[in-house]
Amino acid sequence: MTINGIGVSPGIAIGKAHLLRKQEAALSGVVLLNEADIAIETDKFNNAVALSVQEVEAMISNYDQSQGNEGLEILETHIELLSDPQISEDVTGKISKEKKNVNDALIEVIADAVQLFKNMDDEYLSARAADVQDIGNRLLRNLSFSAPTHAPHYETDTIIIAEDLTPSDTISMDTTHVVGFATQAGGRTSHAAIIARSRGIPAIVGCGVTLMNIKNGDQLILDGQSGDIIINPAQEIVKQYHVKRENWLKKNHLLRSLKDTPATTPDGINIKLFANIGNANDMEQAISFGAEGSGLLRTELLFMGRDALPGEDEQFEFYKAVALKAKGKPVIVRTLDIGGDKQLPYFNFPTEQNPFLGYRAIRICLDRPDIFITQLKAILRASAFGQLKIMFPMISNIQEVRAAKVILQQAKDELTKAGITFDKNIPVGIMIEIPSAAITADLLAKEVDFFSIGTNDLCQYTLAVDRMNEQIKDLYDPYNPGVLRLIAYVIEQGHKNNVEVGMCGELASDSKATLLLLGMGLTEFSMSATAIPEIKNIIINSLLVAKEIHQRVMEMDSSALITAYLQEITL
Ligand code: PEP
Ligand code: MG
């Protein structure tokens, strides 16, 4: 029997199932009678906080850095959450005003906070509910002074099966014997998934309720790429997966060993591999995958999952944190790209027939200079702490670029007047993701320092295919000759006009496209950090055929021919 979930950490595990079942905390319903009780319960809470902080601090000092920094950062967040004044105020408020005992007060406050995070639209923020639950469990355990549960020792080749794993469960997991895990709940950005990736443990999340039908001791094959869990497979299948596992380990070892190798083609051209990121943590992770900077910081992620626009200072701290984590490497900060599929609950978007063709991105920023200038000032201030560049999204004509630059100049003037330092020569670029911009790349090049080709939207607008519509997903085809010709033209015009050209859409991470893009002359690729080693491997081994591939593809008249050809030559 096979169960399918979301493969969040690649690799193949073959082993025996070990089921973990969590115990639910129960409300006692005890009502406090007098002030003395209130004082006792409040003290119990404060002691539990102090004990919990001590425990997490001990985990931090014993942390094995060779396992990657992700776990350490999570533990640091737990210290912050344990010291969060809101949680403390809510718990002590329930004790003193509602006369609840500390156990019940804590269970209710944590349940509310967990729900609040879970309801957030942003996938990353909603996954943080697991951290709140985690510190809640720790506090509850420390209320009754019960000994911390030490990570149990597992048999060799254990595969953990659980409804959910808290970040602490995952961090303290004995990975000398645990070879993989699968959970009923969870998503790609859950901490369990993040830690599994950083430790290289194959993992599958979001498997649904049938996962818990697995029994202790069942033999399992877990494929962290496809998301398949095969239960009690035939010996023939086990043999096949042993071979698959060996091949995967070899390839993974090779790719990881390339981390500090420059992405240079055999004919000596240095290719820059950047990461697409959403925050400072992503920047750090990206560097661990060998990224040479970021070709796209999607700043709208800061604006999502909250109930008001972030102010200049908050934005400044956010961009500064990214700049510091980049350690002098370049970061392209894209200004607000909301609208279309990226809605903000607190922003009054008009009702539109075609939101993807409507009020979005630079169009909103030019219409709302108050929002735009706040963001630009925050980015400029952060530019004193690293090598930042500014990029405007969804440019459809030259006037928009000029208007955006006028507001940028205004932001610079205001900062200069206030005596605030920033990079006065901060490079300015635009996304090429609308066909009119691609076709006028020669004109636009005169206005900016760089282009970044956004193939996700360029494909949608060139082919008139909604990128979100499942029904027509086969038409959404970046290998359509029309899209490829636009890309080639932008690269050519960029270079002719001394403008740097990068690509930050998904095509940059598609290994089928790498040689073709090299042949077109693309020298900067920005993608999800985990794709970098594979693309680098292709570049290093690219031979001198890339130009020839480009020539041949340009002569073909259908995407079927092009993809079949590229598939055939992919290394
Ligand atoms: C793109 O359109 O290719 C792009 C990178 O931007 P987004 O996916 O955020 O629209
Ligand atoms: Mg886009």
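All ligand and atom numbering here is 1-based and tracks the order in the structure. What you see below is based on every heavy atom in this structure, not just the backbone, and it leaves out hydrogens, waters and symmetry mates.
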Counting backbone and side-chain atoms alike, does E433 have an N/O/S atom under 2.8 Å from the Mg ion (ligand 2)?
yes
Under 3.5 Å: donor-acceptor pair, side chain of T265, backbone of I539:
no
From atom 8 (O) of ligand 1, work out which of M394, Q460, R467, E433 has a heavy atom at the shortest distance.
R467
T455 heavy atoms within 4.0 Å reach ligand 1 at atoms 3 (O)
Can an N or O of R360 be found at a distance shorter than 3.5 Å from an N or O of ligand 1?
no
Are E534 and N537 close enough, and set up right, to give a side-chain hydrogen bond (donor to acceptor under 3.5 Å, both in side chains), and what steps lead you there?
CA-CA 5 Å; E534 187 166 10; N537 189 33; over 6 Å; no
Of the N, O or S atoms in D457, the one nearest the Mg ion (ligand 2)
OD2
Lys/Arg-Asp/Glu bridge criterion (N-O < 4.0 Å) met for E352, R360
no
Please report which non-hydrogen protein atom sits nearest to atom 6 (O) of ligand 1, along with the residue it belongs to and the distance in Å to one decimal place.
R334 NH1, 3.0 Å
Between the side chain of T183 and the main-chain N/O of L165, is any donor-acceptor distance below 3.5 Å?
no
Assess the residue pair N456 and Q460 against the criterion (side-chain hydrogen bond (donor to acceptor under 3.5 Å, both in side chains)); give the C-alpha distance rounded to whole Å, side-chain angles, the decisive distance to 0.1 Å, and a yes or no.
CA-CA 7 Å; N456 307 342; Q460 140 163 289; over 6 Å; no
Between R381 and D313, does at least one N-O distance fall below 4.0 Å, as a salt bridge requires?
yes
Under 4.0 Å between heavy atoms, the region of L458 that gets near ligand 1 turns out to be neither
Should E300 be counted as touching ligand 1, given the test is an N or O pair under 3.5 Å?
no
Just let me know how R298 lines up against ligand 1, side chain, backbone, both or neither, with a heavy-atom cut-off below 4.0 Å.
side chain
With a 4.0 Å cut-off on heavy atoms, does M431 reach ligand 1?
yes
Look at K342 together with D337 and state whether they make a salt bridge at an N to O cut-off of under 4.0 Å.
yes
I need the atoms of ligand 1 closer than 4.0 Å to a non-hydrogen atom of K342, numbered in the order shown.
7 (P), 9 (O), 10 (O)
Are K272 and E500 ion-paired here, with the side-chain N under 4.0 Å from a carboxylate O?
no
Applying a heavy-atom cut-off of 4.0 Å, say which part of M527 lies close to ligand 1: side chain, backbone, both or neither.
neither
